[in-house]
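Here is the structure we will look at, set down as structure tokens.
For the single chain, residues carry numbers from 1 onward in sequence order. When reading the values below, keep in mind they use all heavy atoms of this one structure, side chains included, and skip hydrogens, waters and symmetry mates. If you're wondering where the values come from, they're calculated on a predicted model, not measured in any experiment.
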Amino acid sequence: MSKQRKHVEEEILTQFPEPIGDEQIAHVIEAKGRNLLEIEYSDGNRVLAMIPSKYHKKVWIKNGNFVIVRPTTLPDATSKVLAIIRHPFLGPQDIQHLMDTQQWPPEFLHYAKENMGLCPKSDDPVSTSANYIDMDFMSDGDSDDSDDWGHNPNRTQIAHENDESSDEYD
């Protein structure tokens, strides 16, 4: 395994990436091919971005993800690829870090709220507590209903008889 690809997974999962210099945060619109993505900058401009070879078959980028891209000028003037992906996945922790450091584009704030469930932090404790997810589903309630998860279509359904019907035969 090449030294370039050896620590890719660890790098993606442990670092808090930040755009450096002319790098920008972009929103993935659509996968256009094997290693090409259509991305949208915060100004609404859509371009093609290339995934570097060190991420091939290591990282899968889905539509709706956020990435950090570096604009490029390839030697071929006919090329439609105008960006190279530097960091292929910005998870909820990465996005929250970028919001805290005021590097997150305000144009993408609604995407972060909708898709990731994130909100910018505030110094006001009343408004901050309203931004958190209600965790009542974690409590030990009276209901042990497994139907909340639905049923597994790979398992056969066994009809359970009531305890009262078994008492009739005794």
Side-chain angles (χ1 to χ4, degrees), residues 1-123 127-135 137-138 148-150 152-154:
M1 182 178 288
S2 71
K3 192 173 187 179
Q4 185 180 14
R5 288 177 48 110
K6 191 172 185 179
H7 302 288
V8 168
E9 184 177 342
E10 181 182 333
E11 173 188 323
I12 291 171
L13 296 176
T14 59
Q15 292 182 352
F16 286 117
E18 295 179 357
I20 302 168
D22 62 346
E23 296 176 342
Q24 296 181 28
I25 297 171
H27 184 238
V28 177
I29 302 299
E30 184 179 5
K32 289 291 189 180
R34 183 175 170 141
N35 53 343
L36 291 177
L37 299 171
E38 182 180 4
I39 60 168
E40 180 180 22
Y41 289 117
S42 59
D43 62 1
N45 187 20
R46 290 186 178 192
V47 297
L48 286 179
M50 182 177 70
I51 303 171
S53 61
K54 75 176 187 176
Y55 297 125
H56 291 186
K57 297 184 181 178
K58 275 287 208 186
V59 177
W60 282 263
I61 304 172
K62 299 187 325 186
N63 296 347
N65 281 2
F66 291 98
V67 294
I68 295 179
V69 295
R70 180 181 67 237
T72 185
T73 54
L74 295 176
D76 184 13
T78 61
S79 178
K80 295 180 182 179
V81 177
L82 299 177
I84 296 176
I85 294 178
R86 184 183 69 87
H87 193 81
F89 176 72
L90 294 176
Q93 297 86 4
D94 301 326
I95 293 172
Q96 188 66 54
H97 172 73
L98 291 169
M99 284 181 182
D100 293 343
T101 59
Q102 280 83 33
Q103 293 183 341
W104 188 255
E107 294 83 9
F108 290 149
L109 193 58
H110 67 280
Y111 288 119
K113 286 182 181 178
E114 289 175 7
N115 300 338
M116 305 282 186
L118 297 174
C119 295
K121 288 191 175 179
S122 170
D123 294 336
S127 66
T128 304
S129 64
N131 292 336
Y132 290 103
I133 298 172
D134 185 17
M135 299 298 280
F137 69 91
M138 298 288 287
D148 292 342
W149 293 98
N152 185 350
N154 296 327

Among all residues two or more places apart in sequence or in another chain, which pass the salt bridge (Lys or Arg N to Asp or Glu O under 4.0 Å) test with Glu38?
Lys32, Arg46

For Tyr41 and Ala26 the tightest heavy-atom approach is CD2-CB, 4.4 Å

Approximate separation, where rounding is to 0.5 Å, of Gln93 CD and Gln96 CD:
9.5 Å

Side chains of Leu90 and Pro17, heavy atoms from C-beta outward: is any pair under 4.5 Å?
yes

Test of understanding: with side-chain contact (heavy atoms from CB on, under 4.5 Å), list the residues that count as partners of Ile85, not counting sequence neighbours.
Leu37, Ala49, Ile51, Pro52, Ile61, Val67, Val69, Pro88

If you measure from CD on Glu30 to CG on Asn63, what distance do you get to the nearest 0.5 Å?
6.5 Å

Who are the salt bridge (Lys or Arg N to Asp or Glu O under 4.0 Å) partners of Glu40, not counting sequence neighbours?
none

Test of understanding: with side chain to side chain donor-acceptor pair (under 3.5 Å), list the residues that count as partners of Glu18, not counting sequence neighbours.
His97

Restricting to non-hydrogen atoms, name the atom on Ile95 and the atom on Phe66 that form the minimum distance, rounded to 0.1 Å.
CD1-CD1, 3.9 Å

Measure up the Tyr111 and His27 rings against each other and bin them: parallel (under 30°), tilted (30 to 60°), perpendicular (over 60°).
parallel

Compare every heavy atom of Arg70 with every heavy atom of Asp22, then report the nearest pair and how far apart it is.
OD1-CG, 4.3 Å

Given the rule in the side chain to side chain contact (heavy atoms under 4.5 Å, CB included) test, do Ile39 and Val47 qualify, once you have shown the distances and angles that lead to the verdict?
CA-CA 6 Å; Ile39 60 168; Val47 297; 3.7 Å; yes

Suppose the criterion is salt bridge (Lys or Arg N to Asp or Glu O under 4.0 Å): which pairs have a residue in residues 79-95, not counting sequence neighbours?
Glu23-Arg86

To check you understand the geometry: which heavy-atom pair defines the closest contact between Leu98 and Pro19, and what is its length?
CD2-CD, 4.0 Å

Please enumerate all residues that pass ring pair (Phe, Tyr, Trp, His ring centres under 6.0 Å) together with His87, with sequence neighbours excluded.
none

Could you report the tightest heavy-atom contact between Gln103 and Ile25, atom names first, then the distance?
O-CD1, 3.7 Å

